[in-house]
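Please read these numbers as outputs of a predicted model, since none were measured by experiment.
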Amino acid sequence: MLFPIPNQPTLGYNSVFKKDLFKDEVILVTGGGTGIGRCIAHELASLGATVVIAARKKDQLTAVAEEIHKLGGKCDTMQINIRDPVKALEMIEAIVAKHGKLTCLVNNAGGQFMSPASMLSSKGFSTVVDLNLNGTFNMCKAAFDGYMGEHGGRIVNIVAECRNGFPRMVHTGAARAGIINMTKTLAVEWGPFNGIRINCVAPGTIVSSGMKNYPENVIDMIAANDWMSPTGRFGTESEIAASVVFLLSPAAAYINGVNLAVDGGSSLSKGFPEGHELAFNPDGSLMPAYVGWPEGKDNVHNLKHVDAPVKVNELLDKYKKSKL
């Protein structure tokens, strides 16, 4: 369902980029119904793009599309299981048939769960690899076959910061590392003769609805250690969205095949927090966070900023007040 632009302009997402940056562009965001994907979709729509958000759950997609519509943006919705390569291609072909093109793809859909490797089943490992690695390849290949192979385009794959391993999540660490290497390969194969530019964004720990998938004791552990990084806090969905927008924009025209870590420097000390206490400031961050959601009187439609667990949302409120 496509939601047209209403006649009356409204206050919307507060992007740092110029408002018509993606005018006349059609951009697909998988996993666009929640969390980081929702934020990316909002920012791209605020910059003039026709955004197509895709995921498995129709109600979440409809809710985000209605939000974007209220703020004056254009948004279409499609249901997809990215593990199915046939359905992935059918979706791309449907987008092109309806909108005439597909200029950009953001592969944000994915998921994982916490488990030490010693307790992880083969099925659990394979399921996460299939969703994240195979699913991302399916979408890239579908975009290539359905439009970009002949017309060019830009792709951003959302991965995770895993350069120094991923304790307690070996399955997603392996899958995301595979995506990063795949991205480099596709940049070489699809850049010179197909005009496709493809990069990764690797978020660190982000205040997002994705944290609701973890049990309460894990949330407690995460929230208690938010200061253990060079930046002294977790990241925001807006900081990931802005990184994606940059890589899709003309400003990144000479950037191809890279993995951009957006993690506040946490990968410089990746691993368990024990032993890093003296390296970081227990009082928290001296670096203000960027949040693009409208605040106060500008939030005319009462948009919920982040649907994270309460303890994590409280951290976000604290970050907004950080000053050097």
>> The test is side chain to side chain contact (heavy atoms under 4.5 Å, CB included); show your working for Leu186 and Ile196 and say whether it passes.
In response: CA-CA 9 Å; Leu186 297 183; Ile196 297 173; over 6 Å; no
> Is there a side chain to side chain contact (heavy atoms under 4.5 Å, CB included) between Ser266 and Phe234 once you walk through the steps?
Replying inline: CA-CA 9 Å; Ser266 61; Phe234 295 149; over 6 Å; no
>> side chain to side chain contact (heavy atoms under 4.5 Å, CB included), that's the test. Do Met148 and Leu105 meet it? Break it down for me.
In response: CA-CA 10 Å; Met148 291 185 182; Leu105 165 64; 4.1 Å; yes
> Under the side chain to side chain contact (heavy atoms under 4.5 Å, CB included) criterion, do Leu131 and Arg83 qualify, and how do the steps go?
Replying inline: CA-CA 6 Å; Leu131 175 60; Arg83 290 175 289 189; 4.3 Å; yes
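Nearest heavy atom pair, residue Glu239 against residue Ala289, reads OE2-CA, 3.6 Å. Nearest heavy atoms, Ala88 versus Asn138: CB-O, 4.1 Å. The minimum heavy-atom distance linking Asn164 with Ser267 is given by the pair ND2-O, 2.8 Å. Taking all atoms of both residues into account, the shortest heavy-atom contact from Leu102 to Tyr147 is O-CD2, 3.2 Å. Of all heavy-atom pairs spanning Gly33 and Arg38, the tightest one is C-CB, 4.4 Å.
For Glu150, the CD atom counts as loosely surrounded, since its 6.0 Å shell holds 12 or fewer non-hydrogen atoms of other residues, nucleotides or ligands. By the 6.0 Å contact criterion, CZ on Phe144 is enclosed, its count of non-hydrogen atoms from other residues, nucleotides or ligands being greater than 12. Atom NZ of Lys58 sits in a sparse spot, with 12 or fewer heavy atoms from other residues, nucleotides or ligands closer than 6.0 Å.
In terms of modelled atom types and a separation under 3.5 Å, the side chain of Thr30 and the main chain of Ala109 share a donor-acceptor contact. Formation of a donor-acceptor pair under 3.5 Å by the Arg197 side chain with backbone atoms of Ala252 is found in this model. Side-chain atoms of Thr236 come within 3.5 Å of backbone N or O of Tyr290 as a donor-acceptor pair. Formation of a donor-acceptor pair under 3.5 Å by the Ser238 side chain with backbone atoms of Gly292 is found in this model. When atom types are taken as modelled, the side chain of Gln79 and the backbone of Arg56 share a donor-acceptor pair closer than 3.5 angstrom. Looking only at distances, a side-chain donor or acceptor of Asn108 sits under 3.5 Å from a matching main-chain atom of Gly31. Looking at Asn256, its side chain does come within 3.5 Å of a backbone N or O of Ile198 through a donor-acceptor pair.
One finds no salt bridge joining Glu67 and Lys70 here, because no Lys/Arg side-chain nitrogen approaches an Asp/Glu carboxylate oxygen to under 4.0 Å.
Counting only heavy atoms from C-beta outward, the side chains of Val201 and Ile240 approach each other to under 4.5 Å. At least one side-chain heavy atom of Arg154 sits less than 4.5 Å from a side-chain heavy atom of Thr103.
Judged purely by distance below 3.5 Å, without hydrogens or angles, the side chains of Asn157 and Thr183 pair a donor atom with an acceptor atom. No hydrogens or angles considered: a donor-acceptor pair under 3.5 Å links the side chains of Glu43 and Ser15. Between Arg176 and Asn132, the side chains place a donor N or O and an acceptor N or O closer than 3.5 Å (distance only, hydrogens not considered).
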